[in-house]
Asker: 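Below is the structure I would like to discuss, written out as structure tokens.
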Number of protein chains: 2
Amino acid sequence: MAQPGTVDRILDTAEVLFAQKGFAETSLRAITSKAGVNLAAVNYHFGSKEALIQAVFERFLSPFSQALDAKLTEMEETGVPDTPENLLSLISRLALGTHPEDPQRAAVFFRLSGQAYSQPVGHLREYLHQQYGGVFSRLQDHMQRALPNMPPRELFWRVQFGLGAAIFTLSGMESLKEISRKDFNTEVTEADITRRLLPFLIGGITAPMP
Amino acid sequence: MAQPGTVDRILDTAEVLFAQKGFAETSLRAITSKAGVNLAAVNYHFGSKEALIQAVFERFLSPFSQALDAKLTEMEETGVPDTPENLLSLISRLALGTHPEDPQRAAVFFRLSGQAYSQPVGHLREYLHQQYGGVFSRLQDHMQRALPNMPPRELFWRVQFGLGAAIFTLSGMESLKEISRKDFNTEVTEADITRRLLPFLIGGITAPMP
DNA sequence: TAGCGTTCAAAACATACGTTTCAAACATAC
DNA sequence: GTATGTTTGAAACGTATGTTTTGAACGCTA
């Protein structure tokens with residue numbers, strides 16, 4: 001019988017395990033046993049492990065992508081000026097707040113993104129590109145309008161650098177949290193890091209050209 | 001018979017395959033067959049796959065780490081001032097030029113670093129930390145001297161951000177090269193990116209505090 | 001209630017993996 | 001040339017993986 005949520009229980013468990021240990025290192029048996037469902041359920045509902053991975057990302061990125069799209073439209077309509085500050089803090093707020101019911105969710109989001117990016121050429125990367133490349137290039141356009149004097153090529157790379165700084169740091173947070181705890185006797189949260197990230201990103205993206 | 005270079009042939013092949021596809025996705029059979037050595041050779045010479053991974057990193061990072069150490073000492077002795085520019089361009093030159101006989105080597109270096117960082121908690125990360133944490137904190141000290149007014153905690157995170165931007169971008173170069181080729185009709189090299197990286201990193205690390 | 005499509009559970013399947021074994025081939029020292 | 005320790009080669013081992021199969025349990029409609 002369609003017991004409420006076999007599919008969702010698989011997705012919930014898979015996204016946590018994928019974020020913790022990576023895709024290859026997470027077996028279907030680990031997912032299904034922790035989720036309390038039968039092993040065959042993954043192949044039955046999703047078709048394959050690869051399809052499950054894509055489903056996990058779709059459930060994650062679609063709300064974020066749609067929210068970003070809506071916010072950009074809202075900015076255009078209400079005449080909020082395109083500035084690096086506005087754009088970057090918009091993204092930061094969305095990344096932290098797309099799933100407000102679960103604050104831990106943001107950490108999983110960042111770790112999953114890092115896993116996806118460091119993933120070899122596999123199908124995931126191109127899937128993400130063709131699925132969410134549109135929003136990304138729209139964001140890039142806004143950033144270009146915010147910095148009209150910067151050559152598009154230079155801006156492209158600087159956005160990539162900023163993306164790297166953000167995803168890389170936030171996806172490796174666990175280890176960094178520990179170091180910060182040891183060296184500075186301070187607990188840090190994802191929100192702390194994104195707050196510190198903003199000036200860094202703005203300084204980097206708007207830096208004078210050599 | 002100790003045919004000249006079984007160990008080296010394994011290391012050469014392993015480092016390329018690890019960089020291309022990741023650790024879990026690269027089997028010992030793929031390595032040994034491409035290297036033209038027997039499957040058992042890995043366990044005979046290295047003991048295990050995990051030990052092989054560490055050996056690959058040691059061969060890579062030790063020359064870099066030693067060179068960086070020497071250059072920092074040289075800076076101290078000759079009185080070269082600690083500035084973000086000097087420190088960052090030093091690292092950039094070393095990363096690109098530690099293996100001058102093979103320009104491709106730098107790309108492998110970056111991709112391997114990215115794989116190591118995005119790796120889950122596994123033993124590799126702590127191995128790298130206890131092996132090369134010393135040079136890293138020495139570099140951090142120099143950076144602190146370059147920016148005496150910045151709180152150490154803030155500097156720590158900004159260095160992490162910079163590290164993320166560098167490794168993340170350079171380790172995903174293949175895809176980014178392709179995009180750049182399509183969008184801008186330009187071929188880019190690792191050296192191009194590091195040249196563009198420098199102003200971004202300096203701007204980010206020295207950005208005014210909020 | 002009978003039939004039907006959907007979902008579940010348990011088991012088996014085929015394959016790929018890291019590792020181990022053991023004998024043969026080799027280099028070196030005596 | 002023989003003996004000894006080291007390295008190679010081919011095969012097997014045990015295990016873990018993703019996937020498939022089969023039949024039972026279930027909800028729904030006629």
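Per chain, numbering begins at 1; letters A, B, ... match sequence-line order.
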Asker: Would you say A/Ser27 reaches D/dA16's phosphate, i.e. side-chain N/O to OP1/OP2 under 4.0 Å?
Answerer: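 Answer no for this pair, as no side-chain N or O of A/Ser27 is under 4.0 Å from OP1 or OP2.
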
Asker: Out of D/dT19, D/dT6, C/dA9, which has the shortest distance to the side chain of A/Lys49?
Answerer: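 Closest nucleotide to the A/Lys49 side chain: D/dT19.
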
Asker: Can you check whether B/Thr6 has a side-chain N or O nearer than 4.0 Å to OP1 or OP2 of D/dT8?
Answerer: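 For B/Thr6, the contact criterion (side-chain N or O under 4.0 Å from OP1 or OP2 of D/dT8) is met.
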
Asker: Looking at A/Asp12 and A/Lys34, is any side-chain nitrogen of the basic one under 4.0 Å from a carboxylate oxygen of the acidic one?
Answerer: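 Salt bridge between A/Lys34 and A/Asp12, a charged N being under 4.0 Å from a carboxylate O: no.
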
Asker: Report the distance from atom CZ of B/Phe46 to atom C1' of C/dT20, rounded to the nearest whole Å.
Answerer: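 My rounded result for the distance is 18 Å.
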
Asker: Does any nucleotide pair with C/dC30 by Watson-Crick or G-U wobble geometry, both distances under 3.5 Å, and what is it?
Answerer: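 WC or wobble partner is D/dG1.
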
Asker: Atom CG of B/Asn43 to atom P of D/dT8: distance rounded to whole Å?
Answerer: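 B/Asn43 atom CG is separated from D/dT8 atom P by 13 Å.
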
Asker: Nearest-nucleotide wise, let me know which of A/Arg29 and A/Val37 is further upstream toward the 5' end of DNA chain C.
Answerer: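 The residue whose closest nucleotide sits nearer the 5' end is A/Val37.
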
Asker: Could you give the CD1-to-C1' distance, from B/Ile31 to C/dT19, as a whole number of Å?
Answerer: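 Those two atoms, CD1 and C1', are 14 Å apart.
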
Asker: Find the distance between CD (A/Glu58) and CG (A/Leu128) and round it off to the nearest 0.5 Å.
Answerer: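 With rounding to 0.5 Å, CD (A/Glu58) is 10.5 Å from CG (A/Leu128).
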
Asker: Which part of the nucleic acid does B/Thr32 contact within heavy-atom distance under 4.0 Å: base, sugar-phosphate only, or nothing?
Answerer: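 The answer is nothing, as B/Thr32 stays clear of every strand by at least 4.0 Å.
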
Asker: Whole Å only: how far is the CG atom of A/Leu28 from the P atom of C/dA10?
Answerer: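 For the pair A/Leu28 CG and C/dA10 P, the rounded distance is 17 Å.
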
Asker: Within the structure shown, what part of the strands sits under 4.0 Å from B/Ala40 by heavy-atom distance: base, sugar-phosphate, or nothing?
Answerer: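 Counting heavy atoms under 4.0 Å across all strands, the contact made by B/Ala40 includes a base.
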
Asker: Any chance the rings of A/Phe64 and A/Phe109 have centres within less than 6.0 Å?
Answerer: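 Here the rings of A/Phe109 and A/Phe64 have centres that are less than 6.0 Å from each other.
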
Asker: What nucleotide, of D/dT20, C/dT19, C/dA9, holds the atom closest to the side chain of A/Asn38?
Answerer: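 For the A/Asn38 side chain, the nearest candidate turns out to be C/dA9.
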
Asker: For C/dA10, give its Watson-Crick or G-U wobble partner with both distances under 3.5 Å, or none.
Answerer: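 Result: D/dT21.
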
Asker: What is the distance, to the nearest angstrom, from the CD atom on A/Glu25 to the P atom on C/dC17?
Answerer: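 These atoms are roughly 14 Å apart.
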
Asker: Taking the nucleotide of DNA chain D with the nearest heavy atom to each, does A/Tyr44 or B/Leu39 sit closer to the 5' end?
Answerer: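 Going by which nucleotide is closer to the 5' end, it is B/Leu39.
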
Asker: Give a yes or no on whether the ring-centroid distance for A/Phe184 and B/Phe156 is below 6.0 angstrom.
Answerer: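 Centroid distance A/Phe184-B/Phe156: below 6.0 Å, so yes.
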
Asker: Does a side-chain N or O from B/His45 land closer than 4.0 Å to OP1 or OP2 of D/dT6, or not?
Answerer: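 No, B/His45 has no side-chain N/O under 4.0 Å of OP1/OP2 on D/dT6.
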
Asker: Quick test of your reading of the model: are B/Arg111 and B/Glu15 salt-bridged, counting only N-O distances below 4.0 Å?
Answerer: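 The answer is no: the pair does not qualify as a salt bridge.
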
